[in-house]
Student: 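Input: one structure, supplied below.
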Amino acid sequence: MPLALLALAVGAFGIGTTEFVMMGLLPDVADDLHISLPDAGHLVSAYALGVVIGAPLLAAVTARMPRRRVLIGLMALFVAGNALSAFAPDYDWLLAARFLSGLPHGAFFGVGAVVATNMAAPERKARAVSLMFLGLTVANIAGVPVATLMGQSLGWRSTFIGVSVIGVLAVVALALLVPRDGTHAPGAGLRGELAALKSLPVWLALGTTVAGFGALFSAYSYITPMLTDSAGYADSSVTLLLALFGVGATAGNLLGGRLADRSMRATLFGGLISLAAVLALFPVLMRTAWSAPVAVVLLGTAAFVTSSPLLLMVMEKASSAPSLASSANQAAFNLANAGGAWIGGLALAAGFGVTSPALAGALLAVLGLGVAGVAYGVDRRRAPLAGRERLVAGNVPQQSETVRS
């Protein structure tokens, strides 16, 4: 695997850290800026909104630019957003800075996925994508806990200074390791990129992402009360237990990359079935202190097995606009984050119990499996038509020669 994947992973590590660290710093930010905890929670939403808006927008605008330059520019924007977060004078400035920090998130992963697959051998494309996402999953093991402790000890602003430094290191690594040659985007332009998103298979693949990862976030958004109220852990133990989720996500990401290189569709179906099964077992696994950590690891593993095949499937269905399609997949991921948390909250508000968001997530995983099944049926139905079109196209020159003779 090329060293350039290391540069992409460093950028992914910084992005993963800044995305999730705010959740642990909300009380500190609320106290320092004299705002309520719900108002502080809008800082998480502002970042997610930036991802959803920025992912397709920036990918489309930069469609004809060299991808190496785009990656460096996106990471520079990421550094600027986090530096502004560190020195924001009040809540409104911090809200705007968090939105700015989220803008390059999806486009970076989208363009990075295209660069990663272009540099890898055909039989290693999924593995290349999984190595880039390794930075994101490792951030949940090391980056988020360390950054949270830094913010709690030295003040929340120090966390964003630290993340900005990681971003600068990523810029340097991208400039040094990503080759100038072979990273130019095709000349489809903005109109061609947008036209590629009209395909039904592309939207089915994006729908699978929303439902599949919505299943994850339906449970993960409320994992802390499950661990404390159901499994009986103290609040001080939650950070370590959440790091176990990162361990599972890392293992699932690497496993999914290897399996998807062998069979992308089978890996996707297997991952969604495993995710539904794990979430359905959550009410049982969360009853005891010894089985709850197992549930957390299995949740991360089952969910992230699907990350590489989902991204590659979207890119495959929009082959003329892979950067925009893979960026749109990141926007779908963040819609899943918000939607899954909302659906899990509905289950809690209905009084179904502290582990009910996991059962809601299991239903979402089944829904994702259904959407993936429909996508498979559409592909099967279109395959004979595509074959006939290629056959006709292949016969056209021969017929023309006959007419000319």
Side-chain angles (χ1 to χ4, degrees), residues 12 14-26 38 40-57 78 81 95 98-110 133 135-137 139-140 143-144 205-226 242 245-246 248-249 252-253 271-272 275-276 278-279 282 296 299-300 302-308 310-311 314 326-348 357-358 360-365 367-368 371:
I15 289 174
T17 300
T18 201
E19 179 180 17
F20 294 108
V21 74
M22 180 57 77
M23 299 171 187
L25 295 178
L26 287 183
H42 294 323
L43 297 169
V44 177
S45 303
Y47 184 92
L49 182 63
V51 177
V52 172
I53 293 176
L57 179 63
F78 171 81
L95 199 67
R98 287 294 291 170
F99 175 79
L100 180 65
S101 299
L103 285 176
H105 176 130
F108 180 87
F109 281 111
F133 277 103
L136 181 66
T137 57
N140 284 282
V144 174
L206 293 174
T208 306
T209 297
V210 172
F213 278 97
L216 164 65
F217 287 110
S218 178
Y220 186 70
S221 300
Y222 304 97
I223 195 72
T224 297
M226 291 187 205
L242 293 184
F245 173 82
N253 176 52
L272 289 172
L275 180 59
V278 169
L279 289 170
F282 245 59
V296 173
L299 178 63
F304 278 86
V305 160
T306 65
S307 60
S308 294
L310 276 172
L311 180 56
V314 172
S326 53
S327 299
N329 193 63
Q330 292 302 308
F333 181 89
N334 277 268
L335 285 175
N337 189 339
W342 176 68
I343 290 173
L346 289 179
L348 277 178
L363 294 177
L364 284 173
L367 175 62
V371 177

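No hydrogens, no waters, no symmetry mates; every other heavy atom, side chains included, goes into these values. Since we're looking at a predicted model, the values are computed, not measured.
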Student: Which heavy atom of Ser327 sits nearest a heavy atom of Pro56, and at what distance?
Tutor: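 Heavy-atom minimum between the residues: CB-N, 4.5 Å.
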Student: Who are the ring-ring contact (aromatic ring centres under 6.0 Å, His included) partners of Phe133, not counting sequence neighbours?
Tutor: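 With sequence neighbours excluded, Phe133 shows a ring-ring contact (aromatic ring centres under 6.0 Å, His included) to Phe109, given in chain and number order.
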Student: Show the nearest heavy-atom pair for residues Leu272 and Ala365, with the distance to one decimal.
Tutor: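 Closest heavy-atom pair between Leu272 and Ala365: O-CB, 4.1 Å.
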Student: Any chance you could lay out the side chain to side chain contact (heavy atoms under 4.5 Å, CB included) test for Tyr47 and Met22, step after step, and finish with the verdict?
Tutor: CA-CA 10 Å; Tyr47 184 92; Met22 180 57 77; over 6 Å; no
Student: Given side chain to side chain contact (heavy atoms under 4.5 Å, CB included), test Leu299 with Leu216 step by step and report yes or no.
Tutor: CA-CA 7 Å; Leu299 178 63; Leu216 164 65; 3.8 Å; yes
Student: Can you see which heavy atom on Gly81 is nearest to which on Leu100, and at what distance?
Tutor: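 So the minimum-distance heavy-atom pair works out to CA-CD2, 3.9 Å.
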Student: Ignoring hydrogens, what is the shortest heavy-atom contact between Glu19 and Leu136? Give both atom names and the distance.
Tutor: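 Smallest heavy-atom distance, with atoms named: OE1-CD1, 4.3 Å.
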Student: Just jot down the ring-ring contact (aromatic ring centres under 6.0 Å, His included) partners of Tyr220, sequence neighbours excluded, or say none.
Tutor: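 Residues passing ring-ring contact (aromatic ring centres under 6.0 Å, His included) with Tyr220: Phe245.
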Student: Can a donor-acceptor pair be found, under 3.5 Å and without considering hydrogens, that links the side chain of Ser218 to the backbone of Ala215?
Tutor: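 No.
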Student: Could you check Leu103 against Val51 for side chain to side chain contact (heavy atoms under 4.5 Å, CB included), going step by step and ending with a plain yes or no?
Tutor: CA-CA 5 Å; Leu103 285 176; Val51 177; over 6 Å; no
Student: How close do Ala12 and Phe108 get, heavy atom to heavy atom, and via which atoms?
Tutor: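 Taking Ala12 first and Phe108 second, the nearest heavy atoms are N-CE2, 4.0 Å.
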Student: Side-chain donor-acceptor contacts of residues 329-348 below 3.5 Å, not counting sequence neighbours, with atom names and distances?
Tutor:
| residue | atom | partner | partner atom | Å |
| --- | --- | --- | --- | --- |
| Asn329 | OD1 | Thr209 | OG1 | 2.7 |
| Asn334 | ND2 | Gln330 | O | 3.1 |

Student: Locate the shortest heavy-atom distance separating Asn140 from Gly246; write the atom from each residue and the value.
Tutor: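 Smallest heavy-atom distance, with atoms named: CB-CA, 3.8 Å.
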